[in-house]
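Everything quoted here is computed from the prediction, not taken from an experiment. For the numbers below, each heavy atom of this structure counts, side chains included, while hydrogens, waters and symmetry mates do not.
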Amino acid sequence: MADAQYILPNDIGVSSLDCREAFRLLSPTERLYAHHLSRAAWYGGLAVLLQTSPEAPYIYALLSRLFRAQDPDQLRQHALAEGLTEEEYQAFLVYAAGIYSNMGNYKSFGDTKFVPNLPKEKLERVILGSKAAQQNPAEVRSLWQTCGELMFSLEPRLRHLGLGKEGITTYFSGNCTMEDAKLAQDFLDSQNLSAYNTRLFKDVDQDGKPRYEVRLASVLGTESALHSEMTSRLKSYEFRGNHFQVTRGDYAPILQKVVEHLERAKAYAANSRQEQMLAQYIESFTQGSIEAHKRGSRFWIQDKGPIIESYIGFIESYRDPFGSRGEFEGFVAMVNKAMSAKFECLVASAEQLLKELPWPPAFEKDKFLSPDFTSLDVLTFSGSGIPAGINIPNYDDLRQTEGFKNVSLGNVLAVAYATQREKLTFLEEDDKDLYIRWKGPSFDVQVGLHELLGHGSGKLFVQDEKGAFNFDQETVINPETGEQIQSWYRSGETWDSKFSTIASSYEECRAESVGLYLCLNPQVLEIFGFEGADAEDVIYVNWLNMVRAGLLALEFYTPEVSSWRQAHMQARFVILRVLLEAGEGLVTVTPTTGTDGRPDARVRLDRNKIRSVGKPALERFLRRLQVLKSTGDVAGGRALYEGYAAVTDAPPECFLTLRDTVLLRKESRKLIVQPNTRLEGSEVQLLEYEASAAGLIQSFSERFPEDGPELEETLTQLATADARFWKCPSEAPSGQA
């Protein structure tokens, strides 16, 4: 059997999202709006399979064929007759549920491959003897032959997502290196093109010179006669002696489905802003235009306090090894009014709280653009995983001048982060009950501060295309050097494009640090209803949770290539390092032996030193993070951040040794079962499923009732069309740029 870190255990936690009451309160028109937005999101989410690994679309198609012909109970009878044990069949169900939940065969949180925890030959017997195989023998056998080996392979390069020798990715062709990625980013910056909706494919011509295709996601192809702002960009370029071709049409048939349902949703929009927002999203997905998506995002920001909240597009860049390309996601949710009222109070206090942050006023936005901040009950969240909170849009220019929105996903928090005492690792016994009591409330506070005042704070110093600066070069002083500002962002440069591989994690670290720093403010805790001893417990558990998370983060570090696989967890490890460096016994991490005789560890936080030792250390660190970000000082930012993110076996912590302990005692991230909506006549019904691997599989089996087989054929055709770019995925790439 495979190493435990590459399988999903049979007892993995599975929870169902509960949005029944919020959905019940919607009007018929609101339900129709939510339904069509959900359909658009689910269709678009299929693109993630093509953004993850070469084999993911085939695995998805194979599993969908199997479970359409036989539900999990029916297939179980066949599997047992083929010689599988109950445990082996459960392992297969968990694997299938994991594929659907992560939209591919790599974990969304950590980017590690997971494989079926049963013998390959047994799974082959189940698949080739299934009802699906009896109905379409050639098709099922072909799918198995295409993906069976890769499904189980744990060759070193295939164990993690990454670029070049460090892993596999389908954001880039298999022969691309980090040097190619950097060159392509410089090209895109030179043309003022965003990388968010692109992939990069490299061919080598007869003379051995590389030729690059930058392919935009769109319904229309390059040959379309319809003129738009994008058509003039679709051509050949010479850049630094290299040939670039900008094309479009990536994921075209999938995006066509997205556009169809966004068009239908427009008929049920609550106001003109929503209509204009959807019209721009349609334009964006049709033409391949990020500028159109930005325009749609402006209308979205202006649509304050909607009953149905949603966002859709190529959004988060965590899984691009270079940190610039967005994974498709879409969410649809209903507002939770009680918790949203607390967040509204936090927004009302935001301008005052921003003054508490440890950097000069010149490093803060010229004007705080008061955002929406709502707690939502999620109906649909497509993509590779569901976060606890979101601060969007991610476009720097919009965030600086137009604003943003914050959302906390209440029904996700309620199930995804619940903790059982017996599964609580690395804490002292006398901390466990307090931790369980206050983890949920403290997390609400941390998410609120992280999203609103973490991601929502700070200014980027920019020189625009006309040479004008958005800061006073004469009077603004760098508090770290005492000198005038020496660096800034040029026109076309963004936070993601400049800081690339560390951008996501660095920003998450800054936001998490802001949350820890401001949760010490009594005004913040009063907004959430905590005073006196309760407020002190919330602070303690919030800081303790961050310290513990920093230790748990070691699961997501790969020592073989000295790299981190998850931005949020790297950020939390960095914060642990900062607090350990503060000294004076604020935080200690001690190796121990567990009651089972195996290696264990304990983290301790001295609650009496949080303000006297922890706060000043965090203050110094936060100021450095913000100054380096504001000034676009990539060299300084990398030196600071990568220094803290380094994992060694140096005493006293010996983190590499502790990593083995963390892996030994890790708990797999929960799988989340989401409901479906179904249009019956003119009414929208909510379909819910049990919290189990079988329930999750059933939810996907019923997700595309009209066109499931057609979608699977589309996915495999799209994957096959580009398969040559990853023909030898286990070989190291060649052909440096």
List the steps and the verdict of side chain to side chain contact (heavy atoms under 4.5 Å, CB included) for Leu696 and Tyr100.
CA-CA 8 Å; Leu696 201 159; Tyr100 289 131; 3.7 Å; yes
Can you check salt bridge (Lys or Arg N to Asp or Glu O under 4.0 Å) on Glu309 and Lys405, steps first, answer last?
CA-CA 10 Å; Glu309 187 60 281; Lys405 281 187 180 183; 3.0 Å; yes
Test side chain to side chain contact (heavy atoms under 4.5 Å, CB included) applied to Ile12 and Lys670, step by step:
CA-CA 6 Å; Ile12 193 170; Lys670 285 182 180 176; over 6 Å; no
Test salt bridge (Lys or Arg N to Asp or Glu O under 4.0 Å) on Glu710 and Lys257; report intermediate values, then the result.
CA-CA 12 Å; Glu710 173 195 326; Lys257 297 280 190 181; 3.5 Å; yes
Run the numbers on Leu686 and Leu379 for side chain to side chain contact (heavy atoms under 4.5 Å, CB included), then give the verdict.
CA-CA 9 Å; Leu686 184 71; Leu379 170 66; 3.6 Å; yes
Given salt bridge (Lys or Arg N to Asp or Glu O under 4.0 Å), test Asp722 with Arg215 step by step and report yes or no.
CA-CA 12 Å; Asp722 289 324; Arg215 190 187 302 169; 2.8 Å; yes
Can Lys342 and Asp444 be said to form a salt bridge (Lys or Arg N to Asp or Glu O under 4.0 Å), step by step?
CA-CA 10 Å; Lys342 295 179 182 179; Asp444 284 337; over 6 Å; no
Checking side chain to side chain contact (heavy atoms under 4.5 Å, CB included) for the pair Ile254/Leu50: CA distance, chi angles, key distance, verdict?
CA-CA 11 Å; Ile254 292 171; Leu50 295 157; 3.9 Å; yes
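With contacts defined as side-chain heavy-atom distances shorter than 4.5 Å, the pair Leu409/Pro387 qualifies. Between Leu118 and Leu84 there is a side-chain heavy-atom pair separated by less than 4.5 Å. Tyr95 places a side-chain heavy atom less than 4.5 Å from the side chain of Ile59. By the 4.5 Å heavy-atom criterion applied to side chains, Leu66 and Phe92 are counted as neighbours. Counting only heavy atoms from C-beta outward, the side chains of Arg319 and Ser384 approach each other to under 4.5 Å. Residues Ile315 and Ile392 are in side-chain contact: their nearest non-hydrogen atoms beyond the backbone lie under 4.5 Å apart. Considering only heavy atoms from C-beta on, Val335 stays 4.5 Å or farther from Ser375 through its side chain. At a threshold of 4.5 Å between non-hydrogen side-chain atoms, the residues Leu255 and Thr286 do not count as touching.
Between His450 and His455, the two ring planes are perpendicular [angle over 60°; tilted spans 30° to 60°]. Between His35 and His261, the ring planes lie perpendicular to each other; the angle is over 60°, past the 30° to 60° tilted range. The aromatic rings of Phe314 and Tyr251 lie parallel to each other, their planes meeting at an angle below 30°, with 60° marking the opposite boundary. Between Trp144 and Phe152, the ring-plane angle classifies as perpendicular under the 30° and 60° cut-offs.
Taking the six-membered ring where the residue is Trp, the centroids of Tyr33 and Tyr268 are separated by 6.0 Å or more. Under the 6.0 Å cut-off for aromatic ring centres, Phe114 and Tyr6 do not qualify, their centroids lying 6.0 Å or more apart. No close placement of the Trp42 and Phe704 rings is indicated, their centers lying 6.0 Å or farther apart.
Ser340 and Thr374 share no donor-acceptor pair across their side chains, judged by distance under 3.5 Å alone. The closest side-chain donor-acceptor pair between Arg399 and Asn391 falls under 3.5 angstrom. Under the 3.5 Å distance criterion, with hydrogens and angles disregarded, no donor-acceptor pair is assigned to the side chains of Asp111 and Gln566. Side chains of Glu55 and Asn105: a donor on one and an acceptor on the other come within 3.5 Å. In this structure, a donor-acceptor pair under 3.5 Å is absent between the side chains of Gln256 and Tyr43. There is no side-chain donor-acceptor pair under 3.5 Å between Glu86 and Gln90. In summary, the side chains of Tyr196 and Asp320 do not present any donor paired with an acceptor at a separation below 3.5 Å, with no hydrogens or angles considered. For Ser692 and Glu690, the side-chain atoms include at least one donor-acceptor pair closer than 3.5 Å. Residues Asp18 and Asn411 bring no donor and acceptor atom of their side chains to less than 3.5 Å of each other. Side-chain N/O atoms of Gln51 and Arg325 include no donor and acceptor closer than 3.5 Å. The closest side-chain donor-acceptor pair between His293 and Tyr395 falls under 3.5 angstrom. In summary, the side chains of Gln698 and Glu702 do present a donor paired with an acceptor at a separation below 3.5 Å, with no hydrogens or angles considered.
Distance check: Trp300 CH2 to Leu398 CG gives 10.5 Å after rounding to the nearest 0.5 Å. Of the inter-residue distances, the one linking Gln135 atom CD with Ser130 atom OG reads 8.5 Å to the nearest 0.5 angstrom. With values rounded to the nearest 0.5 angstrom, Tyr106 atom OH is found 6.0 Å from Ile168 atom CD1.
More than 12 non-hydrogen atoms from other residues, nucleotides or ligands lie less than 6.0 angstrom from NZ of Lys120. Within a 6.0 Å sphere centred on CD of Glu683, other residues, nucleotides and ligands contribute 12 heavy atoms or fewer.
Salt-bridge annotation for Arg273 and Asp303: absent, with no side-chain N of the basic residue lying under 4.0 Å from a carboxylate O of the acidic one. With salt bridges taken as basic N to acidic carboxylate O contacts below 4.0 Å, none links Glu82 and Lys122. Salt bridge absent: Lys266 and Glu275 never bring a charged side-chain N and a carboxylate O closer than 4.0 Å. Salt-bridge annotation for Glu124 and Arg141: absent, with no side-chain N of the basic residue lying under 4.0 Å from a carboxylate O of the acidic one. With respect to Glu283 and Arg295, no salt bridge is recorded, no charged nitrogen being found less than 4.0 Å from a carboxylate O. Ion pairing of Glu712 with Arg68 is present here, as a side-chain N (NZ or NE/NH1/NH2) and a carboxylate O approach within less than 4.0 Å.
In terms of modelled atom types and a separation under 3.5 Å, the side chain of Ser668 and the main chain of Leu8 share no donor-acceptor contact.
When the side-chain contact (heavy atoms from CB on, under 4.5 Å) test is applied to Thr146, the partners found at least two apart in sequence or on another chain are Tyr58, Ser142.
Judged by the 6.0 Å distance and 45° axis criteria, Arg199 is not positioned over the aromatic ring of Tyr171. With a 6.0 Å cutoff to the six-membered ring centre and a 45° limit on the axis angle, Arg65 does not count as a cation-pi contact of Phe67. Cation-pi geometry between Arg703 and Phe700 is met: under 6.0 angstrom from the ring centre, within 45 degrees of the axis.
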